[in-house]
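Labels below follow one simple rule: chain letters A, B, ... track the order of the sequence lines, proteins then strands, and each chain is numbered from 1.
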Amino acid sequence: MSTSSPSEPLLTAEDLYDLPDDGRHRYELVDGRLVVSEPPGMTHGGITVNFAMLLGTFVRQHRLGRVYGEAGYVLRRGPDTVRGPDLTFVRRDRLPAPEVAHRFYEGAPDLAVEIVSPGDRAGEIARTVAGYLAAGTRLVWVVYPARRTVVAHRPGGTTRVFGEDGTLDGGDVLPGFAAPVAEVFTE
Amino acid sequence: MSTPPPVAPLLTAEDLYAIPDDDRRYELVDGRLVVSEPPGWWHGALATRITVALDGYVTPRGLGIVVGEAGYVLRRAPDTVRGPDVSFVRADRLPPRGRAHRFYEGAADLVVEIVSPGDRAGELARKVAGYLAAGTALVWVVYPEIRTVVAHRPDGTARVHGEDDTLDGGEVLPGFAVRVAELVPELPDAPPDGA
């Protein structure tokens, strides 16, 4: 990632929250510095919905917690890191209190899904995944649309690549969840 | 954008080999030329460091040859030729003497790719999958900025090694072990401007 000029003041999660929504860009905060990205393309959006339906149905059925579309998570404080994964799951006993649920979540989701866009840099994806795991996320699924592959990252550095004929499992985060990778990419 | 580009003929490994050297890096993916700029300075320094570490283990034991950037023909028809940053070929798979000056026909046993800031995530995933599909038993992907090495294996598993972890050679280089911190050091501070 490019380094900003040293004189630039670091932003906090609250500064980020207060930024006016320009309806076009996605803003995240990495170590107090603003990271701006374009809205994703259609493929990305379609996969997000497929995934959300698979996860959402399972989570609701088993009353495990809640699945969220893009939402801000304060992964670290001082300097602040706020990430907005494409999809997340938060366990029932960790759901935000109703009075703060309109703000960013203070902490990491239990499960994060990131869908790779053609312009995403490899180093940035690796850093993002490492950031979730360090903050306490127990399972990160990185989706590579062009290769129709999902890579599952777990704490402790174990990673597994699932091809189109593979089956994703929820491990200890979503016990019993199993979905053919192909369903994620169904058009 | 809307007019389809004229159909370019697919290139072969031999076409690629015959391209005059102009300091760019050329690879072939399914018969199509992929051009990249020479890597940055620190990338080059890390490649050297990894080469030295591997060679210090491999050469005294006669295990094979550690190679800097060189072409491997991973697939034919259409041809895919990749030039990993560092690679290792086992002693029993060395190329015939008369062919060693050309691209290697097949995959290296170990491949090391050092990620540059501009590398796309999707392209890297495709590259790693290509090596593994062609027979490479171990691919190390080095992320200099977060000082992490991810070891990918053909069964689809991968292991992330942070700077405090020890990277091992697995079945490809049994007994080889090095700390990531040693292999991927922090970039030393530059002297202050004007010094």
note = Across all chains, not counting sequence neighbours, the side chain to side chain donor-acceptor pair (under 3.5 Å) partners of B/Ser87 are B/Tyr72
key: Pairs of heavy atoms under 4.5 Å with chain B: top-ranked of A/Thr158, A/Ile125, A/Val116   = A/Thr158
ask   = Would one find more than 12 heavy atoms of other residues, nucleotides or ligands at under 6.0 Å from atom CD1 of B/Ile65?
value = no
message = If I compare all heavy atoms of A/Tyr144 with all of B/Gly122, which pair ends up nearest, and what's the gap?
response = CD2-CA, 4.0 Å
ask   = Tell me, side chain or backbone of A/Ala146 under 4.5 Å from chain B's heavy atoms, or both, or neither?
value = neither
inquiry  = Whether the side chain of B/Arg159 engages the backbone of A/Gly156 through a donor-acceptor N/O pair (distance < 3.5 Å, no angle test) should be reported.
reply    = yes
message = Tell me whether A/Arg121 contacts the main-chain N or O of B/Gly118 through its side chain, where contact means a donor paired with an acceptor under 3.5 Å.
response = yes
ask   = When you look at CZ of B/Arg32, are more than 12 heavy atoms from neighbouring residues, nucleotides or ligands closer to it than 6.0 Å?
value = no
ask   = Is the number of heavy atoms from other residues, nucleotides or ligands under 6.0 Å of B/Glu171 CD greater than 12?
value = no
query = So which of B/Asp119, B/Val150, B/Leu124 has the largest heavy-atom pair count under 4.5 angstrom toward chain A?
reply = B/Asp119
inquiry  = Tell me whether the count of non-hydrogen atoms from other residues, nucleotides or ligands lying under 6.0 Å of CZ in A/Arg60 goes above 12.
reply    = no
task = State the CZ-CD distance between A/Arg127 and B/Glu145, to the nearest 0.5 angstrom.
result = 5.0 Å
message = Starting from B/Val35, can I reach B/Tyr17 by hopping between I/L/V/M/F/W/Y residues whose side chains sit under 4.5 Å apart?
response = yes
query = Would you find more than 12 non-hydrogen atoms of other residues, nucleotides or ligands less than 6.0 Å from A/Arg66 atom CZ?
reply = no
message = Using only atom types and a distance under 3.5 Å, with no angle test, would you say the side chain of A/Arg160 pairs donor to acceptor with the backbone of B/Thr157?
response = no
key: Least distance between heavy atoms, A/Ala126 atom then B/Tyr143 atom   = CB-CE2, 3.4 Å
inquiry  = For A/Arg147 versus B/Ala125, what's the shortest heavy-atom pair and its separation?
reply    = CD-C, 3.8 Å
